[in-house]
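Note that these values count all heavy atoms, side chains included, but never hydrogens, waters or copies made by symmetry.
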There are 2 protein chains.
Amino acid sequence: MNPTVSAARPGTIAQHAVEALRRALTSGELSPGDKVRQEEIAAALGTSLSPVREALAILEQEGQVTYLPRRGYYVTELDMDDLREIYELRALLEERAARRALPLLDEDALERVEIAARDCVEAVDGGDVAAELEANRRFHFGLLESPGQNHTLRVIRLLWDSTETYRAMYYNAPEARHEAIEAHDRIMDAARDHDADRLAAELESHRAEALLRLERVLTEGR
Amino acid sequence: MNPTVSAARPGTIAQHAVEALRRALTSGELSPGDKVRQEEIAAALGTSLSPVREALAILEQEGQVTYLPRRGYYVTELDMDDLREIYELRALLEERAARRALPLLDEDALERVEIAARDCVEAVDGGDVAAELEANRRFHFGLLESPGQNHTLRVIRLLWDSTETYRAMYYNAPEARHEAIEAHDRIMDAARDHDADRLAAELESHRAEALLRLERVLTEGR
DNA sequence: GTCCTTTCGATTTTCGAAAATCTGCGAGGA
DNA sequence: TCCTCGCAGATTTTCGAAAATCGAAAGGAC
């Protein structure tokens, strides 16, 4: 009935903690190698340790933090080899998923992707990295979602999750974000034309570009 | 000093709970669709709820249990379409991983795989499904492990984890287990010869056989 | 008879504190 | 000087109980 009242009912505190930690990771509050102090997080969220711990257990499975028993959780550090491997896996799985999904994309689905693309533009203009990351995901997964690919998408999502921290790093460069927008246009075109080969090629070059930028960020950052 | 006493010192209680839950899943104590009562598990392990919850959060990420906020955890149910999709993904990723690892396998690595194969035989003879599952994993991952494939293996492990419950189901049939042993011999031969094409083909037929048996178990079980 | 509300026991979720373990530092000895 | 040992504070891990929520049964109202 009342949208403003019922809005404040998403899930558990643990889920809230997962989201908060994700934000901390993408905003740079937590950087690769940092130790994650449970009490600190709990205090910042105004909760006890239990939900924080559950959230960390989840993020550990996603590869965003690394767990050392009785020593705590640390923000996962990836080197260029890790990123390359993950991007190769993504290439393999995403091309396959995109080719399967493309013929099944109806006007509705394309519409949603289009909206996601626009949200990307908006987020870039507003300089909102978090919103950009979210809309970017919506864009890419919108192209892949199709019946019978749930597990494939779960795996791809895992790969995205484990590199989210680093993706956020290069999105801080404005020119990278603008270039991503243009790539999205080309991808969108190919999707609208239902041209699988072109779509695959555009997605590949989009990924390759991202990897290249990551390399730059990583080598100069160190 | 005392091996029986000092044996109980691997990790945290939460990790212990993960293993216990895995055992319950593969032994059939917990079947697909079952609700997992936290208190029940905690009582069985003689612990409080916190470690159980953490364990469940981990298994949820692996896909072995499904979480419904404020309603609890349920053992994940997979249908034939799910299993087919997961096996296709495995085929894609494992062939790639095997081809990359094969040239890098040294005598030591092959030795470890050989031992795993023997442990499989032993477990089959002893009728120990849990030991068979463990040795079987050691066998297959021993062929894939190689530098620069950590993330690939992480993904493959995820795919194995999410079907572990079902793999345990068909390993209850003795003829399936003996057939697996023979397949392992052929796979081992190909690996020793460093014949990538033959290895890939043998792995593929091993997987296809497993999927076929799963189909039988699933259709008659229902 | 059907639909809606109320209530109760069961279960999940969160808390706050106790217990266990780790890290860093400084004293004592080679 | 370098190393080992052991203590003190910080941090993680686990516990036991309180709070919140859910599902189902019971009780009306129409």
Can you measure [X] atom [atom1] to [N] atom [atom2] for me and round it to whole angstrom units?
| X | N | atom1 | atom2 | value |
| --- | --- | --- | --- | --- |
| A:Ile13 | D:dA18 | CD1 | C1' | 14 Å |
| A:His16 | C:dC15 | NE2 | C1' | 17 Å |
| B:Leu45 | D:dC15 | CG | C1' | 14 Å |
| B:Glu40 | C:dT12 | CD | C1' | 14 Å |

With sequence neighbours excluded, residues passing salt bridge (charged side-chain N to carboxylate O under 4.0 Å, His left out) with [X]:
| X | result |
| --- | --- |
| A:Glu122 | none |
| A:Asp82 | none |
| B:Glu40 | none |
| A:Asp81 | A:Arg84 |

With the criterion being N/O to N/O and under 3.5 Å, what pairs connect the protein with nucleotides 5-11 of chain C, and how long is each?
residue : atom : partner : partner atom : Å
C:dT11  : OP1  : B:Arg37 : NE           : 2.8

**Item:** Contact list for residues 43-55 of chain B, test side chain to side chain donor-acceptor pair (under 3.5 Å), sequence neighbours left out
**Value:** A:Arg53-B:Glu54, A:Glu54-B:Arg53, B:Gln38-B:Arg53
Can I get a per-line list of side-chain donor-acceptor pairs under 3.5 Å for residues 109-118 of chain A, giving both atom names and the distance, sequence neighbours left out?
residue  : atom : partner  : partner atom : Å
A:Glu114 : OE1  : A:Arg192 : NE           : 3.3
A:Glu114 : OE1  : A:Arg192 : NH2          : 2.9

**Item:** For A:Arg99, all residues meeting side-chain contact (heavy atoms from CB on, under 4.5 Å), sequence neighbours excluded
**Value:** A:Glu95, A:Ala196, A:Asp197, A:Ala200
**Request:** Could you note down all residue pairs passing ring pair (Phe, Tyr, Trp, His ring centres under 6.0 Å) where residues 35-61 of chain B supplies at least one of them, sequence neighbours left out?
**Result:** none
**Asked** What pairs meet the ring pair (Phe, Tyr, Trp, His ring centres under 6.0 Å) rule with one or both residues in residues 26-71 of chain A, with sequence neighbours excluded?
**Response** A:Tyr67-A:Tyr73
**Message:** Is A:Tyr67 close enough to D:dT13 that one of its side-chain N or O atoms is under 4.0 Å from OP1 or OP2 there?
**Reply:** yes
**Request:** Give a yes/no answer on whether the side chain of A:Tyr73 brings an N or O atom under 4.0 Å of OP1 or OP2 in D:dT13.
**Result:** no
**Message:** Within 45 degrees of the ring normal and closer than 6.0 Å to the centroid, is that where the cationic atom of B:Arg216 sits relative to B:Tyr170?
**Reply:** no
**Request:** Residues of residues 49-62 of chain A with any non-hydrogen atom less than 4.0 angstrom from an atom of DNA chain D: list those, numerically ordered, please.
**Result:** A:Leu49, A:Arg53
**Asked** Which word best sums up how the rings of A:His206 and A:His184 line up, parallel for under 30°, tilted for 30 to 60°, or perpendicular for over 60°?
**Response** perpendicular
**Asked** The side chain of A:Ser48 lies closest to which of these nucleotides: C:dT21, C:dT14, D:dG16?
**Response** C:dT14
**Estimated bend of the helix from C:dG1-D:dC30 to C:dA30-D:dT1 (axis per five terminal pairs, rounded to 10 degrees)** = 10°
